[in-house]
Amino acid sequence: MPEDYNINNESYNSANADYSQKVSRYQVARRKKQAQLRRQIKKTKQHIKVLLFLCRLSLIIFLVMLIYFIVRLKYWHLSPRAFDSLGNTSIRIENNYIVPSERILRAVRENKVPDCPIFLMNTEEIKKSIMEISPIRDVYIKRFWLPARIEVLVQEREPALTIAPNENVPPIAFYTKDGKLIGRAYMPLNPMFKTVKILTYGSYSSSMKFDEEKIKFLSTIARDIEQASKEPVQYIDLRNPEDVYVQIPSVKIKLGSISASTYPDTLKKINDLPSILPKVKILNKKVKYIDLRWQNNLYYIKLAE
């Protein structure tokens, strides 16, 4: 009995050892297979990363080339002769009533036609050149695509007074509402502008200060006389600042020396014109002027000799 037990025990131990070896070999083989699988997965991921990188790189190169060819299209670029004349479709000038279009084009022509696409074009230099023209107050430059072209919209200063040496000479210059003196290069003005003609010359013109306040004051005088007389003011004679005249179609009005401080009193006399003018019109003699310098609502009608 002990011998049989020993034999069976040895058989069991031998079988158990074989089983352990098989399990060990299986585990080793399984670990090797798992390690190989992990290496394969890692290589596959690396291949995928490389492939994705190549795809992204190819897409970027394609987009860069596409943008390059689109940018290089001639339709995005101004014609090299865009600033040569007003007869082409590359440039249009609008909203100018004082400055001739040719004068604005000369200012534009001081700048080279850009060789970049229209949407990358810097318009500041062109605007700066146009702003040097004295009647121009502001400039807006619009850019259009397909085909490339620009539109120059100018905002001009508004004329207020025109200047002439006497009543028989057309105005040789004008002042704008903001006090800018514009020379004869931009005369005559378009009839659409309603201005007040001022007669002045010599030392009087150099001593007079036609600033914004003075311009507004003279415009107010013309407006008040037109409202009172129902006639347009033809001119205000400032050749002698101490003896100012205002001419309307029916008669000349003498105001004498006027200023902002004394004007309220003068305005009262101007408002009496509706009662004075009918008396002037019924006279059989030619009237030289109406003198409104008198006090206490008195006036004097000077007859022509």
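Numbering starts at 1 and runs along the sequence shown. Keep in mind that the numbers below use all heavy atoms, side chains included, and drop hydrogens, waters and symmetry copies.
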Are [X] and [Y] close enough that some pair of their side-chain heavy atoms sits under 4.5 Å apart?
X    : Y    : value
T123 : K142 : no
D178 : I215 : no
Y263 : L255 : no
I182 : Y175 : no
K128 : I126 : no
Y97  : V154 : no
P100 : Y186 : yes
S250 : V280 : no

Quick check: closest heavy atoms across [X] and [Y], and the distance to 0.1 Å?
X    : Y    : answer
L78  : M121 : CD1-SD, 3.9 Å
L277 : S229 : CD1-CB, 3.6 Å
S134 : K180 : CB-CE, 3.9 Å
L273 : P278 : O-CD, 4.2 Å
D211 : K214 : OD1-N, 2.8 Å
E226 : P232 : OE2-CA, 3.6 Å

Apply salt bridge (charged side-chain N to carboxylate O under 4.0 Å, His left out) to [X] and list each qualifying residue two or more places apart in sequence or on a separate chain.
X    : answer
R106 : none
R149 : none
K230 : none

Rounded to the nearest 0.5 Å, what separates atom [atom1] in [X] from atom [atom2] in [Y]?
X    : Y    : atom1 : atom2 : answer
K49  : F53  : NZ    : CZ    : 13.0 Å
R137 : R157 : CZ    : CZ    : 8.0 Å
I130 : L105 : CD1   : CG    : 9.0 Å
E132 : K127 : CD    : NZ    : 13.5 Å
E102 : N96  : CD    : CG    : 11.0 Å
D265 : I270 : CG    : CD1   : 10.0 Å

Could you check whether [X] pairs with [Y] (Lys NZ or Arg NE/NH1/NH2 to Asp/Glu carboxylate O, under 4.0 Å)?
X    : Y    : value
E167 : R239 : yes
E231 : K281 : yes
K112 : E125 : no
K268 : D272 : no

Under a single-linkage definition using a 4.5 Å side-chain heavy-atom cutoff for Ile, Leu, Val, Met, Phe, Trp and Tyr, are [X] and [Y] assigned to the same hydrophobic cluster?
X    : Y    : answer
Y289 : V233 : no
F193 : Y235 : no
L292 : L218 : yes
L199 : V196 : no
I141 : M131 : yes

Using a 3.5 Å distance criterion without hydrogens, assess whether the side chain of [X] forms a donor-acceptor pair with backbone atoms of [Y].
X    : Y    : answer
E158 : K177 : no
D237 : V244 : no
K254 : I290 : no
R109 : F83  : yes
T262 : I258 : no
K197 : I236 : no
R143 : L120 : no

Side chains of [X] and [Y] only: does a donor on one sit below 3.5 Å from an acceptor on the other?
X    : Y    : answer
N95  : Y140 : no
D243 : S257 : no
N111 : S129 : yes

Original post:
Checking side chain to side chain contact (heavy atoms under 4.5 Å, CB included) for the pair D224/I221: CA distance, chi angles, key distance, verdict?
Top reply: CA-CA 5 Å; D224 292 340; I221 293 174; 5.9 Å; no
Original post:
Yes or no on side chain to side chain donor-acceptor pair (under 3.5 Å) for Y245 and N240, after CA distance, side-chain angles and deciding distance?
Top reply: CA-CA 9 Å; Y245 290 87; N240 183 354; over 6 Å; no
Subject >> From CA spacing to verdict: side chain to side chain contact (heavy atoms under 4.5 Å, CB included), V139, L153 >> reply: CA-CA 6 Å; V139 181; L153 298 175; over 6 Å; no
**OP:** Decide side chain to side chain contact (heavy atoms under 4.5 Å, CB included) for N166 and V169; before the verdict, give the C-alpha distance in whole Å, the side-chain angles of both, and the deciding distance to 0.1 Å.
**Re:** CA-CA 6 Å; N166 60 64; V169 175; 3.2 Å; yes
Subject >> Worked verdict on F210 versus L181 for side chain to side chain contact (heavy atoms under 4.5 Å, CB included) >> reply: CA-CA 9 Å; F210 286 92; L181 176 63; over 6 Å; no
